Chemist: 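Quick one: the structure is below, questions incoming.
Only a predicted model underlies this, so the values are computations on that prediction, with no experimental measurement involved. Quick note on labels: first sequence line is chain A, next is B, and so on, each numbered from 1.
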Number of protein chains: 2
Amino acid sequence: MRQQGKKKATIYDLSVLSGCSASTVSAVLNGTWRKRRIKESTAELIQNLAEQHQYTANLQARGLRNSRSGLVGLLLPVHDNRYFSSMAQTFEAQVRSHGKCPIVVSASRDPQEELATVETLIAYSIDELFIAGATDPDSVHTLCEAAGIRHINIDLPGTKAPSVISDNYQGARMLTEAIVRRFDAADQLRPQELFLFGGRNDHASRERIRGFRDIKMELLGADDDACIQPTGYSPNMTQRAFEAFYEREGKLPRGLFINSSINFEGLLRFMAQHPHETFADIVVGCYDYDPFASFLPFPVIMIRQDSESMLAKAFELIEESRPVVEIHLIQPELVHPRTALMGPLDSIRDIDR
Amino acid sequence: MRQQGKKKATIYDLSVLSGCSASTVSAVLNGTWRKRRIKESTAELIQNLAEQHQYTANLQARGLRNSRSGLVGLLLPVHDNRYFSSMAQTFEAQVRSHGKCPIVVSASRDPQEELATVETLIAYSIDELFIAGATDPDSVHTLCEAAGIRHINIDLPGTKAPSVISDNYQGARMLTEAIVRRFDAADQLRPQELFLFGGRNDHASRERIRGFRDIKMELLGADDDACIQPTGYSPNMTQRAFEAFYEREGKLPRGLFINSSINFEGLLRFMAQHPHETFADIVVGCYDYDPFASFLPFPVIMIRQDSESMLAKAFELIEESRPVVEIHLIQPELVHPRTALMGPLDSIRDIDR
DNA sequence: CTTTTTTGCACAATCGATGGTGCAAATAAT
DNA sequence: ATTATTTGCACCATCGATTGTGCAAAAAAG
């Protein structure tokens with residue numbers, strides 16, 4: 001009974017086979033047949049035929065007709081980073097559980113590409129869009145608005161659509177404090193030994209820097225501008241910043257606040273160039289959690305952003321008819337060195353053995 | 001001139017505005033207007049109108065008409081893992097450079113879900129499908145075949161469609177040899193000190209195990225079945241295997257071949273439960289590269305699979321009209337401890353700072 | 001000034017599914 | 001037996017873009 005290489009069956013094929021009209025077939029197969037007072041026996045007949053011929057609806061046709069597609073989009077800056085890829089993982093699961101089809105795309109943190117990508121998604125009539133880590137959420141908002149597409153910001157807030165983001169200020173405070181406390185009274189960290197590397201001029205970085213500086217002031221009593229080294233979200237730029245520092249000072253700062261795991265990769269590149277001893281007494285705090293990073297040869301304190309809760313909240317908000325443009329903060333979690341947390345992969349069953 | 005919250009402009013709107021027929025508008029906007037001998041001035045008129053009204057084609061309608069969608073799919077087992085997420089990243093770039101729209105989905109290594117997901121993709125009339133790490137590539141093939149969709153296997157081979165995979169056998173040989181050579185003559189590794197953990201009964205695991213055993217035989221002269229511990233692709237199962245071993249032997253094997261970075265996370269979980277000293281003299285080889293893992297406190301030798309080349313080859317093959325069902329092997333790369341390689345993120349420009 | 005050729009475009013069918021409307025036949029009410 | 005209801009389904013326009021075909025008007029050829 002398999003369609004062998006032929007075209008896929010359509011409602012018209014089933015219409016002929018069943019002797020019913022196409023609209024009847026359609027109604028039966030999309031579940032509206034009771035409303036349309038189709039006889040139960042007719043429905044069964046058609047359902048059987050559909051199964052035999054492996055009918056599946058052409059979703060483009062359906063989408064065209066309804067001007068909805070069943071697609072739900074997630075726009076990411078990048079894929080290959082544990083924070084965003086685990087967000088993608090939980091996003092998929094959540095969308096599937098709502099009976100929709102998840103579609104995840106990345107736009108490289110490039111405003112132009114963000115807009116182009118979103119236009120494409122809109123052209124496919126996606127139903128909803130989750131905008132994560134966009135550099136320019138408000139422009140994206142404008143596009144969605146014009147197309148009547150529900151959307152929400154995640155991770156980086158916008159001013160025109162509801163946003164769900166990490167509490168970067170609190171997270172940074174926790175992280176900075178944890179770094180400081182990691183040193184015992186004997187060799188207490190001095191203010192000029194605690195640096196922040198990475199990030200750019202976006203909301204998340206600003207908040208993290210603010211938290212970092214506030215705690216530095218509170219605990220160490222000083223907060224020098226020179227201790228803030230924003231390098232963008234680029235491993236290489238971050239590496240250069242470390243190299244420059246090292247060349248100048250002959251060592252690394254003892255306390256390092258790294259703005260994201262992407263910037264942390266800059267430190268890795270630096271590490272590859274320098275012997276173990278260089279890192280003998282440093283303490284690193286990283287905003288983002290990566291299981292492998294947590295076990296590096298020096299203490300690495302990490303912040304795990306709760307993307308599961310962020311997405312859950314976002315799903316809740318996006319369903320609302322009259323969205324209130326406000327920012328919802330989700331508390332991140334401090335992760336002590338040498339900690340292997342569970343992740344979305346753990347909810348996947350692994351059968352065979 | 002913005003459409004304010006209105007519906008999106010269609011060719012019919014532009015048809016009215018321009019005084020031309022819809023078919024003329026269509027031809028102008030999809031670039032076929034020269035073939036259709038449309039006057040240059042007419043084309044310009046329509047193009048201007050399109051721009052003013054922010055026209056973008058409804059891709060569902062276009063897709064319905066051509067029974068193609070411009071979508072190219074990548075089916076992954078999971079997202080949140082460096083190997084697959086970096087594959088997703090390069091996939092996106094490559095698809096975009098071909099003027100198509102990438103769509104990446106994961107199916108949790110669950111055969112049922114793989115099929116369901118692919119059916120959905122087919123229902124959206126995707127044009128091509130890259131099947132990465134599928135547990136059951138041949139069933140996926142059957143679906144694609146029936147729908148007339150070009151497809152190719154990556155990472156795990158099938159028997160019915162062309163496949164591009166890592167040379168897992170060679171990679172495992174290189175990796176195993178590197179582990180052995182890491183110990184100097186003084187305290188040479190003995191056969192029963194070199195174990196393999198992770199993987200299941202899939203092609204990749206089998207090949208890696210074969211390479212591992214062959215080298216063990218060649219270099220150490222023995223190859224005990226007990227040294228192979230397949231635990232599936234689950235961090236927790238892997239952790240348990242380590243715990244069990246440790247409980248039995250009071251230590252870890254000095255040489256560890258870990259089948260994938262997912263299994264490596266099982267070792268991390270084990271590490272979290274045990275003090276540093278437990279890992280004082282072990283050497284780990286991991287099939288998969290993760291930059292952070294490369295810098296752990298013990299030597300970690302890794303294999304970087306060349307997903308860029310794999311995808312490039314796959315793109316090349318998928319264009320061919322008469323696909324030859326054969327397996328193309330791509331050589332992976334041995335990565336020495338403390339190495340931070342560049343990745344797809346490095347080709348992203350980071351402007352602002 | 002005809003006839004032929006070229007130019008420029010409009011018409012209409014089509015892709016597959018949906019849902020409002022209408023109308024016979026079956027059943028119930030009187 | 002006649003009228004009123006209900007049941008069961010067919011018909012057809014519609015979503016937006018594409019494309020084969022046809023036909024006037026303009027230009028070229030004779």
Chemist: When you measure from the side chain of B/Ile11, which nucleotide among D/dA17, D/dC9, C/dA17 comes out closest?
Modeler: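 Of the options given, the side chain of B/Ile11 lies nearest D/dA17.
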
Chemist: Taking atom types as they are modelled, is there a donor-acceptor pair under 3.5 Å from the base of C/dC9 to the side chain of B/Thr24?
Modeler: no

Chemist: Can you tell me if CD on B/Gln47 sees more than 12 non-hydrogen neighbours from other groups inside 6.0 Å?
Modeler: yes

Chemist: Please determine whether any donor N or O and acceptor N or O are separated by less than 3.5 Å between the side chain of B/Ser21 and the base of C/dC9.
Modeler: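 In this structure, the two groups form no donor-acceptor pair.
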
Chemist: Nearest-Å distance, CZ (A/Arg37) to C1' (D/dT6)?
Modeler: 7 Å

Chemist: Separation of A/Ile38 atom CD1 from D/dT7 atom P, in whole Å?
Modeler: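 Result: 13 Å.
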
Chemist: Can you measure B/Lys35 atom NZ to D/dT18 atom P for me and round it to whole angstrom units?
Modeler: 12 Å

Chemist: Given atom CD1 of A/Ile122 and atom P of D/dG16, what is their separation to the nearest angstrom?
Modeler: 15 Å

Chemist: Mind calculating the distance between CG (B/Leu29) and P (D/dA17) to the nearest angstrom?
Modeler: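 Distance, rounded to whole Å: 9 Å.
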
Chemist: Using salt bridge (Lys or Arg N to Asp or Glu O under 4.0 Å), reason through B/Arg150 and B/Glu319 one step at a time and then give a plain yes or no.
Modeler: CA-CA 8 Å; B/Arg150 294 201 294 220; B/Glu319 303 301 343; 3.7 Å; yes

Chemist: Could you walk me through whether A/Glu113 and B/Arg96 satisfy the salt bridge (Lys or Arg N to Asp or Glu O under 4.0 Å) test, starting with their C-alpha distance in whole Å, then the side-chain angles of each, then the deciding distance to 0.1 Å, before giving a yes or no?
Modeler: CA-CA 11 Å; A/Glu113 189 151 356; B/Arg96 289 243 172 78; 2.9 Å; yes

Chemist: Just how far, in rounded Å, is C1' of D/dG8 from NZ of A/Lys39?
Modeler: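 In whole Å, D/dG8 C1' and A/Lys39 NZ are 7 Å from each other.
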
Chemist: Atom OH of A/Tyr124 to atom P of D/dG16: distance rounded to whole Å?
Modeler: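 So the OH-P distance, A/Tyr124 to D/dG16, works out to 17 Å.
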
Chemist: For the residue pair A/Thr32 / A/Asn30, report whether a side-chain donor-acceptor contact shorter than 3.5 Å exists.
Modeler: yes

Chemist: Strictly below 4.0 Å, heavy-atom distances to any atom of DNA chain C: list the hits from residues 58-70 of chain A, or just say none.
Modeler: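 Per residue number, the list reads A/Asn58, A/Ala61, A/Arg62, A/Arg65, A/Asn66.
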
Chemist: Taking side-chain hydrogen bond (donor to acceptor under 3.5 Å, both in side chains) as the criterion, tell me which of A/Thr142, A/Thr135, A/Asp136 meets it with A/Ser139.
Modeler: A/Asp136

Chemist: Please determine whether salt bridge (Lys or Arg N to Asp or Glu O under 4.0 Å) holds for the pair B/Arg68 and B/Asp127, giving the CA-CA distance in whole Å, both sets of side-chain angles, and the decisive distance to 0.1 Å.
Modeler: CA-CA 6 Å; B/Arg68 306 181 323 98; B/Asp127 300 340; 3.4 Å; yes

Chemist: State yes or no: are the ring centers of B/Phe84 and B/His79 separated by less than 6.0 Å?
Modeler: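 Not under 6.0 Å, so no.
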
Chemist: Report yes if a side-chain nitrogen or oxygen of B/Thr42 is closer than 4.0 Å to either non-bridging phosphate oxygen (OP1 or OP2) of C/dG8; otherwise report no.
Modeler: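 B/Thr42 to C/dG8 OP1/OP2: no side-chain N or O under 4.0 Å.
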
Chemist: For C/dT18, take OP1 and OP2 only and decide whether either is under 4.0 Å from a side-chain N or O of A/Tyr12.
Modeler: no

Chemist: Among C/dA12, C/dG8, D/dA10, which is the nearest nucleotide to the side chain of A/Ser23?
Modeler: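 Comparing C/dA12, C/dG8, D/dA10 against the side chain of A/Ser23, the answer is D/dA10.
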
Chemist: Measure the distance from CD on B/Glu40 to C1' on C/dT7 and round it to the nearest whole Å.
Modeler: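 In whole Å, C/dT7 C1' lies 14 Å from B/Glu40 CD.
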
